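All values derive from a computational prediction rather than experimental measurement.
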Amino acid sequence: FDYVFTDAMTIPDHRGRRTRLWIKEEVEIPDPQAFMEHLVTNIVGIVLVLLLGGFLTFYFIRDGGRVWRGLTSAVPSERRGLLDAAGTRAVDVLGGYMLGTAAISAFGAASQWVIMVLLGLPFALPLAVLGLFAGFIPYVGGFIATSLAFLVAVAVGDSTDIVVMFIYTIVVNIIQGNFVTLLVYGK
């Protein structure tokens, strides 16, 4: 847990250097007012996005059936049953695809986080979260995420870290593309 917390609380400063916020000597804030404005703006933005996302999700789930009935009310009644069946099937297929993609992305992100933590590389948690979201990009998302983790190993790791991350990048993409994806989507 300490490493995860440390990784999440490590941010780059205005010159791009790695800054650990809990070590006073590493924190350089040239303009405290501007720093606080930037910090508060980012926090408020994140909170607003989370609240808006939560409200929209709640209301779409709560009112989805009513919205669908309103949209299909303009369709002649003899065709409405067929449209309802097609809509239900489309939602089931798309929901299954999204759930499967989330499971595959979670596998890739978790394995990437574990290997980076074991190697002691920085930014393990942010790159794992990025990997989770990148997994939703068809064909190249997982490769992009693991490549970024490899680039971190190249930038700050030693030769062993680079070799291990290179092998991980190749192996996890082969396993994910040829085994995990087939296993998950096959269900």
Engineer: With clusters defined by side-chain heavy atoms of hydrophobic residues (ILVMFWY) lying less than 4.5 Å apart, directly or transitively, does L148 cluster with F107?
Structural biologist: yes

Engineer: Nearest 0.5 Å, please: how far is CG in L52 from OG1 in T57?
Structural biologist: 9.0 Å

Engineer: Examine L56 and V49 and state if one hydrophobic cluster contains both, with Ile, Leu, Val, Met, Phe, Trp and Tyr joined whenever side-chain heavy atoms are less than 4.5 Å apart.
Structural biologist: no

Engineer: Tell me the closest heavy-atom pair linking G131 and A145, and the distance in Å.
Structural biologist: CA-CB, 3.5 Å

Engineer: Under the side-chain contact (heavy atoms from CB on, under 4.5 Å) rule, what do Y185 and T101 come out as? Steps first, then yes or no, please.
Structural biologist: CA-CA 8 Å; Y185 287 147; T101 301; 2.6 Å; yes

Engineer: Does the side chain of L130 come within less than 4.5 Å of L127's, by heavy atoms?
Structural biologist: yes

Engineer: Decide yes or no for N173 and T169: does some side-chain heavy atom of the first lie under 4.5 Å from some side-chain heavy atom of the second?
Structural biologist: yes

Engineer: V164 pairs by side chain to side chain contact (heavy atoms under 4.5 Å, CB included) with which of I167, I162, T160?
Structural biologist: T160

Engineer: Taking atom CG of L151 and atom OG1 of T146, what is their separation to the nearest 0.5 Å?
Structural biologist: 10.0 Å

Engineer: Does F136 have more than 12 heavy atoms from other residues, nucleotides or ligands lying within 6.0 Å of its CZ?
Structural biologist: yes

Engineer: Using the rule given for side-chain contact (heavy atoms from CB on, under 4.5 Å), can you reason through W68 versus D84, listing the C-alpha separation, both sets of side-chain angles and the distance that settles it, and then say yes or no?
Structural biologist: CA-CA 9 Å; W68 178 254; D84 280 336; 2.6 Å; yes

Engineer: Determine the minimum heavy-atom distance between Q112 and A128, stating which atoms define it.
Structural biologist: NE2-N, 3.8 Å

Engineer: Quick one: does V154's side chain get under 4.5 Å of F166's, heavy atoms only?
Structural biologist: no

Engineer: Mind checking whether I61 and L71 sit in one hydrophobic cluster, side chains of I, L, V, M, F, W, Y counted as touching below 4.5 Å?
Structural biologist: no

Engineer: Would you check if the side chain of S111 reaches a backbone N or O of G108 as a donor-acceptor pair within less than 3.5 Å?
Structural biologist: yes

Engineer: Under a 4.5 Å side-chain heavy-atom rule over Ile, Leu, Val, Met, Phe, Trp and Tyr, are L99 and L132 clustered together?
Structural biologist: no

Engineer: Please report the closest heavy-atom contact between M165 and A149, naming both atoms and the distance.
Structural biologist: CE-CB, 3.4 Å

Engineer: With clusters defined by side-chain heavy atoms of hydrophobic residues (ILVMFWY) lying less than 4.5 Å apart, directly or transitively, does I175 cluster with F150?
Structural biologist: yes

Engineer: Which value, rounded to the nearest 0.5 Å, describes the distance between Y168 atom OH and L119 atom CG?
Structural biologist: 10.5 Å

Engineer: Step by step, work out the side-chain contact (heavy atoms from CB on, under 4.5 Å) result for I43 and I46.
Structural biologist: CA-CA 5 Å; I43 291 172; I46 290 169; 5.7 Å; no

Engineer: Which is it for W113 and V129 under the side-chain contact (heavy atoms from CB on, under 4.5 Å) test, yes or no, and what are the steps along the way?
Structural biologist: CA-CA 9 Å; W113 178 79; V129 172; over 6 Å; no

Engineer: For a 4.5 angstrom cut-off between non-hydrogen side-chain atoms, does D158 reach D161?
Structural biologist: yes

Engineer: Using a 6.0 Å cut-off, check whether atom CZ of R62 has over 12 heavy atoms from anything other than its own residue.
Structural biologist: yes

Engineer: Any side-chain to backbone donor/acceptor pair from T181 onto Q176? Under 3.5 Å, distance only.
Structural biologist: yes

Engineer: Which heavy-atom pair separates T72 from R80 by the least distance, and what is that distance?
Structural biologist: O-NE, 3.1 Å

